[in-house]
2 protein chains.
Amino acid sequence: MTAVTIECCPPLTRGPLSEQDAVDLAALLKAVADPVRLRLLSMIGSHEGGEACVCDLTDAFDLTAPTISHHLKVLRTAGLIDGERRGTWVYYRVIPETVARLGTIFTPLA
Amino acid sequence: MTAVTIECCPPLTRGPLSEQDAVDLAALLKAVADPVRLRLLSMIGSHEGGEACVCDLTDAFDLTAPTISHHLKVLRTAGLIDGERRGTWVYYRVIPETVARLGTIFTPLA
DNA sequence: CGCTTGATTAGAGGAATGTCAAATTAGACG
DNA sequence: CGTCTAATTTGACATTCCTCTAATCAAGCG
């Protein structure tokens with residue numbers, strides 16, 4: 001599916017964030033500001049082979065399959081993960097560039 | 001006022017996040033997952049002297065004073081900023097340790 | 001003391017969000 | 001084709017969140 005590409009932003013303490021940058025950044029942060037999505041992201045990112053099957057992810061939570069599917073869609077729409085169907089199962093992998101951008105925002109440059 | 005202290009967490013891709021760590025981290029991320037609070041944080045952090053008066057912050061937005069006060073409280077409760085009253089005005093400053101922790105979570109260790 | 005200005009608290013209304021059950025799509029396999 | 005499993009979509013409900021108005025607290029000043 002479509003993955004939104006966001007290029008913003010410099011570190012927070014660099015200077016006042018523009019209104020538009022703040023809106024874009026907030027959208028990205030909202031995608032990760034949820035316990036389930038954080039665990040999904042870390043499970044996918046740390047899974048062997050760099051990808052994880054939805055079936056594995058669903059089993060790890062005490063939540064229904066539609067709920068997990070919903071959270072995966074939020075992460076995917078934010079450009080944090082990407083999914084691919086291979087036969088019966090769907091596999092997700094992390095898009096490291098987007099995750100890295102989150103890091104740079106909160107990392108003060110020396 | 002009181003500032004919550006959180007010590008978690010290792011980088012996301014290091015390994016699956018524990019449920020408790022995910023809850024703590026999500027709470028911290030929710031505090032910054034808002035355009036107004038992001039701009040407040042960057043305005044305070046980049047302000048000369050490392051601190052900013054509430055009066056300056058309020059003027060920069062098209063929002064009422066109580067709304068700004070609410071957002072400042074959210075940031076303060078999350079341990080991201082700290083406020084101090086000096087005479088007539090209240091000044092806020094960033095707590096860099098908390099911001100830095102956000103950075104480490106999304107920064108892949110080499 | 002009474003007034004003015006700065007800032008927070010309290011309460012309410014409307015929008016956004018997380019979850020689930022039910023229905024739907026997509027492949028694999030007899 | 002029919003059916004079974006995997007995954008997503010749809011629609012509904014309860015909760016949380018953002019914003020405002022009104023009221024309150026704090027400090028300075030005449």
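Order of the sequence lines sets the chain letters (A, B, ...), proteins ahead of strands, with each chain counted from 1. Owing to the predicted nature of the structure, the values given are computational and were not obtained by experimental measurement.
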Novice: Rounded off to whole Å, could you give me the CH2-to-P distance for the B:Trp89 and C:dG6 pair?
Specialist: 8 Å
Novice: With a 4.5 Å cut-off on side-chain heavy atoms, are A:Arg101 and A:Thr98 touching?
Specialist: yes
Novice: Take atom CZ of B:Arg86 and atom C1' of C:dA7, then tell me their distance rounded to the nearest Å.
Specialist: 15 Å
Novice: Same cluster or not: are B:Phe61 and B:Leu38 linked, directly or through other Ile, Leu, Val, Met, Phe, Trp or Tyr residues, by side-chain heavy atoms under 4.5 angstrom apart?
Specialist: yes
Novice: What closest approach, in Å, do B:Leu28 and B:Ala78 show between heavy atoms, and which atom pair accounts for it?
Specialist: CD1-O, 3.7 Å
Novice: Is there a side-chain contact between A:Tyr91 and the phosphate of D:dA6, meaning an N or O under 4.0 Å from OP1 or OP2?
Specialist: no
Novice: Among side-chain atoms of B:Thr107 and B:Thr104, is any donor-acceptor pair under 3.5 angstrom?
Specialist: no
Novice: Can you measure B:Leu75 atom CG to D:dC18 atom C1' for me and round it to whole angstrom units?
Specialist: 14 Å
Novice: Do you reckon A:Val54 sits in the same ILVMFWY cluster as A:Leu63, going by side-chain contacts under 4.5 Å, direct or chained?
Specialist: yes
Novice: Show your working on side-chain hydrogen bond (donor to acceptor under 3.5 Å, both in side chains) between B:Tyr91 and B:Arg85 and close with a plain yes or no.
Specialist: CA-CA 6 Å; B:Tyr91 296 88; B:Arg85 173 163 220 133; over 6 Å; no
Novice: What residues in residues 51-62 of chain B put a non-hydrogen atom under 4.0 Å from any atom of DNA chain C?
Specialist: B:Cys53, B:Val54, B:Cys55
Novice: Can you name the closest pair of heavy atoms from A:Val36 and A:Asp34 and give their distance?
Specialist: N-OD1, 2.9 Å
Novice: With A:Tyr92, which of A:Leu75, A:Leu72, A:Leu80 fulfils side-chain contact (heavy atoms from CB on, under 4.5 Å)?
Specialist: A:Leu72
Novice: Return whichever of A:Arg85 or A:Lys30 has its heavy-atom-nearest nucleotide of DNA chain C closer to the 5' end.
Specialist: A:Lys30
Novice: What are the two closest heavy atoms between B:Ala65 and B:Thr58, and how far apart are they?
Specialist: CA-CG2, 4.0 Å
Novice: In residues 64-73 of chain A, which ones come under 4.0 Å of DNA chain C, going by heavy atoms?
Specialist: A:Thr64, A:Pro66, A:Thr67, A:His70, A:His71
Novice: Over all heavy atoms of both residues, which pair between B:Leu29 and A:Val32 is shortest? Give the atoms and the distance, please.
Specialist: CD1-O, 3.5 Å
Novice: Quick one: B:Arg76 CZ to C:dA7 C1', roughly how many Å, whole number?
Specialist: 10 Å
Novice: In this structure, are over 12 heavy atoms from other groups packed under 6.0 Å from A:Glu51 atom CD?
Specialist: yes
Novice: Enumerate the residues from residues 34-42 of chain A whose closest heavy atom to DNA chain C is under 4.0 Å, giving them by residue number; use none for an empty result.
Specialist: A:Asp34, A:Arg37
